[in-house]
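Below: the structure, in structure tokens.
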Amino acid sequence: MKATLEEIVLSVLNTARVEGVIKSEAMPPIIIDRPKREEHGDFSTNVAMLMASSEGRKPRDIAEDILSHLGAHEMIEKCEVAGPGFINFFLKESFWHKRLAYIIKAASEFGRVEAGKGKKVQVEFVSANPTGPLHIGHGRGAAVGASLSAILTAAGFDVTREYYINDIGSQMDTLGRSLYHRYNELLGDGIEFPENHYQGDYMKDIARDFITKHGEKYRDASVEDLPKVFTMFARSTILSGIKEDLKDFNVDFDVWTSEASIVERGLVEETIEALRGKGVIYEKDGALWFRTTDFGDDKDRVLIKADGKRTYFASDVAYHMEKLRRGFDKVIDIWGADHHGYQGRIRALFKAFGEDDKRLDIIFIQLVSLLRNGEPVSMSTRGGEFVTLKEVVDEVGKDACRFTFMMRRSDAQLDFDLELVKIQAPENPVYYVQYCHARIMSILTLAKEKGFELSDNADESIVERLKESDEIKLIKKLAAFEEVVEKSAIEMEPHRIAFYLQELAAIFHSFYGRNRVVLDDDKDLTFARMGLSKAVSVVIKNGLAMLGVSAPDKM
RNA sequence: GCGCCUGUAGCUCAGUGGACAGAGCAUCGGCCUCCGAAGCCGAGGGUCGGAGGUUCGACUCCUCUCAGGCGCACCA
């Protein structure tokens, strides 16, 4: 739609210039907008205002000249000059009827756009350390990552959803020791549980499972010479719990990459050598450094510590190097906002290899403050006392939880009060949208019982009885869905879908309040309104699917 | 001290450099003999944190400033 109008305006401008009505050499960008107010038309352009200075004339006069060169067009009802110099376009009803027929026909495919044109994108998200269950903050990242991935897919991108597992290094040693201590504790050795270890009750459960499997076999092992079996057992138990929780949250991954495998494959050494070749590696105080300051970082970063051990950064650099090699056109990392200080050094890697670091997008998920009755709940994994994602999902429901996370931009902080969400659950916006879908399903079922059945290959003749402003308004909103998907994908802002769906539901509910769909004495209008309702249900279903939320037929 | 994020209605939040800044909740007043009232219709409620600047035009861009949050490791 916008593209067509753009072409029309452009050709008019060219004609006007040939005729000498317009003098400027440089053509301003033709921007077609959707005005906020209905009386300003379906679309508008500010092109005349942009040309005012170069033309040295009043914007309204230029707009009038453009209009006078605009001939009749099959989709345009009328155009007018308005306000300071806008040109507003009003499209014909027949155009909207065609759009509606298209939506009904496209059904589950409606909302797929071509913005991505087969470009390969990787979205890495959650990537929580396997040292404990996921908490609510991880849940937000999971919801954003999963929804964004679905939206990018709809927008034509070839998406790989990936989880990076930090399963090596000091925190894994701590994890193993934590299990060791719980194990010995359960076997009756009165050792005091050390500080700075993972104290959560989940470690006791894992220790019990460990005893079930291994008995007292490792009772005589020493902490210093900690058998690897402790670490491996804890890692795999926790990781499978994480996978289960994500699945229950409707979050799937295509690839799970283990940090240990990156290290074992020698990618860290390889990457360091590659960087050395770029002349950005040096030694100081017995450690090996990456001169990230060459690329705008605050300070240089250590890759290999003086004690010979890798830093976490070293394997992360190798991992991102691997991402580059895998040929993604775009790499999207979704991180907790507390990691924002980390982005300079990762971007440094991209820049060191002459990669446009625009290929890397980092989305920061701001803090979720979990509250219960207004009181903050600790979310420290080591502190032991925390509410897991699973507990929250069990309490408020998967759909409400997923949708709630989409109710604000990722870069805004979020208070999540469990008691409040629980109380408000029935009034949560998600139910408003789902209710709209259920209501339409109910209407269509009733219509069917009365003998009205909508044909699958309806053309616009079926919907041309739709003339009411309520009806046209609804069609226009439906037609905008593709633009919303595209915008949401390109801006990487999944919340746009959630807000759109609420607006769509509101317009339908309002339409419903004023009009009957099933009219025993007017078969044609009944079919037309059934088609309209069907289209609304389709868009709601498609949109909710992108958010990982179900569209129930009954509630 | 430096850096990142956020300040919009009583509360929680949307808002593409455009035309009179919008929702939900809360408050108040209406609407079920009629397709689902988890709904609809209406009302009140704003110095877009503040001050400069750019622009024909700024909630939006720039500078400064105030407030809240989060980071500034040879931790992960």
Side-chain angles (χ1 to χ4, degrees), chain A residues 31 33-37 39-40 44-46 49-50 52-53 58-59 82-86 88 129 131 166 168-172 174 259 284-289 298-299 301-316 336-344 362 364-367 369 404 407-415 417 420 424-436 438-447 449-450 483 487 491 495-496 498-500 502-503 505-506 508-520 526 529-530 533 554-555:
Chain A
I31 296 162
D33 274 321
R34 269 177 190 274
K36 282 181 202 149
R37 309 180 64 83
E39 59 267 34
H40 293 146
S44 75
T45 181
N46 60 354
M49 284 138 83
L50 296 177
S53 62
K58 290 180 186 166
F86 290 104
N88 295 337
N129 292 353
T131 53
N166 299 124
I168 194 168
S170 62
Q171 93 278 9
M172 293 309 288
T174 305
E259 181 182 358
K284 193 182 102 185
D285 304 332
L288 199 67
W289 297 69
D298 301 338
K299 53 189 84 166
R301 308 292 173 177
V302 170
L303 292 170
I304 306 292
K305 295 184 261 183
D307 64 5
K309 288 183 178 162
R310 288 176 319 277
T311 58
Y312 167 84
F313 177 54
S315 38
D316 214 15
D338 53 342
H339 287 72
H340 71 255
Y342 199 77
Q343 74 168 315
I362 304 175
F364 292 100
I365 306 288
Q366 282 292 333
L367 194 74
S369 306
T404 298
M407 288 305 296
R408 49 184 46 63
R409 301 199 320 273
S410 332
D411 51 10
Q413 284 167 236
L414 163 62
D415 282 343
D417 192 313
L420 211 61
Q424 289 185 341
E427 293 133 19
N428 190 304
V430 68
Y431 296 102
Y432 182 80
V433 176
Q434 287 181 319
Y435 179 71
C436 186
R439 186 179 233 182
I440 291 170
M441 287 302 118
S442 167
I443 294 167
L444 294 178
T445 303
L446 177 102
E449 283 166 11
K450 291 196 172 189
E483 283 166 39
K487 185 84 178 170
E491 300 292 326
H495 73 277
R496 289 171 180 275
F499 282 90
Y500 166 82
Q502 285 181 90
E503 290 160 11
F508 182 82
H509 283 312
S510 174
F511 158 79
Y512 174 87
R514 272 193 271 262
N515 306 279
R516 282 189 66 87
V517 173
V518 182
L519 301 155
D520 296 329
T526 298
R529 287 182 174 166
M530 282 172 71
S533 305
K554 283 182 185 159
M555 293 172 68

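We use all heavy atoms of the structure for the numbers below, so side chains are in, but hydrogens, waters and symmetry mates are not.
- Side chain of A:Glu503 to backbone of A:Ala498: no donor-acceptor contact under 3.5 angstrom is found.
- For the residue pair A:Ser510 and A:Arg514, a side-chain donor N or O sits within less than 3.5 Å of a side-chain acceptor on the partner.
- Between A:Arg301 and A:Asp411, the residue anchored closer to the 5' end of RNA chain B is A:Asp411, taking for each the nucleotide with the nearest heavy atom.
- Separating the OH atom of A:Tyr435 from the C1' atom of B:rG39 is a distance of 5 Å, rounded to the nearest angstrom.
- In this structure, the separation between CG on A:Asn129 and CD on A:Glu259 is 8.5 Å, given to the nearest 0.5 Å.
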**Complete:** A correct 5'-to-3' footprint of nucleotides 18-31 of chain B, with B, S and - meaning base, sugar-phosphate only and no protein heavy atom under 4.0 Å, is BBB-----------
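- At B:rC74, none of the side-chain N or O atoms of A:Arg310 fall inside 4.0 Å of OP1 or OP2 (strictly under the cut-off).
- Remark: P of B:rG15 and CD of A:Glu491 are 10 Å apart, rounded to the nearest angstrom.
- Atom CG in A:Asp338 sits roughly 14 Å away from atom P in B:rA73 (whole-Å rounding).
- With A:Arg37 contributing its side chain and A:Pro35 its backbone, the two residues share no donor-acceptor pair below 3.5 Å.
- Residue-level contact check: A:Ala306 touches the bases, meaning some heavy atom is under 4.0 Å from a base atom.
- Per the geometry, CZ belonging to A:Phe364 stands 16 Å off P belonging to B:rG3, to the nearest Å.
- Residue A:Arg516 is classed as a base contact, given a heavy-atom separation below 4.0 Å to a base.
- The side chain of A:His509 lies closest to B:rC40, out of B:rC40, B:rC35, B:rU12.
- The side chain of A:Tyr312 sits closest to B:rA76 out of B:rA37, B:rA76, B:rC35.
- Within 4.0 Å of A:Asp285, counting heavy atoms only, lies at least one base atom of the nucleic acid.
- Residue A:Lys554 is in base contact, counting any heavy-atom pair closer than 4.0 Å across all strands shown.
- If you look at A:Tyr435 and A:Tyr432, their ring centroids are not closer than 6.0 Å.
- The side chain of A:Ile443 sits closest to B:rG36 out of B:rC74, B:rG36, B:rC5.
- Checked against B:rC70, B:rA38, B:rC72, the side chain of A:Leu367 finds its nearest nucleotide in B:rC70.
- Using a 30° and 60° split on the angle between ring planes, A:His339 and A:Tyr342 fall in the perpendicular class, above 60°.
- Distance alone, capped at 3.5 Å, is enough to place a donor-acceptor pair between the A:Thr526 side chain and the A:Leu519 backbone.
- Whole-Å rounding puts the A:His340 NE2 to B:rU6 C1' distance at 13 Å.
- To the nearest angstrom, C1' of B:rC70 lies 16 Å from CD1 of A:Ile362.
- B:rC11 is paired with B:rG24 under the criterion used here, namely a Watson-Crick or G-U wobble arrangement in which both key atom distances are under 3.5 Å.
- In this structure, A:Asp316 contributes its side chain and A:Tyr312 its backbone to no donor-acceptor pair below 3.5 Å.
- Both A:Lys299 and A:Leu446 sit near RNA chain B, but only A:Leu446 has its closest nucleotide nearer the 5' end.
- Side chain of A:Trp289 to backbone of A:Leu303: no donor-acceptor contact under 3.5 angstrom is found.
- For the atom pair A:Ile31 CD1 and A:Leu50 CG, the distance stands at 6.0 Å (nearest 0.5 Å).
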Under 3.5 Å, N/O pairs linking protein and nucleotides 9-11 of chain B:
none

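- Within 4.0 Å (heavy atoms only), A:Ala438 reaches at least one base atom of the nucleic acid.
- Atom CG in A:Asp307 sits about 18 Å away from atom P in B:rA73, given to the nearest Å.
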**Request:** Start with the C-alpha gap between A:Asp33 and A:Thr45, add the side-chain angles, then the distance that decides, and say whether side-chain hydrogen bond (donor to acceptor under 3.5 Å, both in side chains) holds.
**Result:** CA-CA 6 Å; A:Asp33 274 321; A:Thr45 181; over 6 Å; no
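- Among the nucleotides B:rG36, B:rA73, B:rA38, the one closest to any side-chain atom of A:Tyr512 is B:rG36.
- As judged by a 4.0 angstrom heavy-atom cut-off over every strand, A:His495 is placed among residues touching the sugar-phosphate backbone only.
- Across all strands shown, A:Ser442 has heavy atoms under 4.0 Å from base atoms, whether or not it also approaches the sugar-phosphate.
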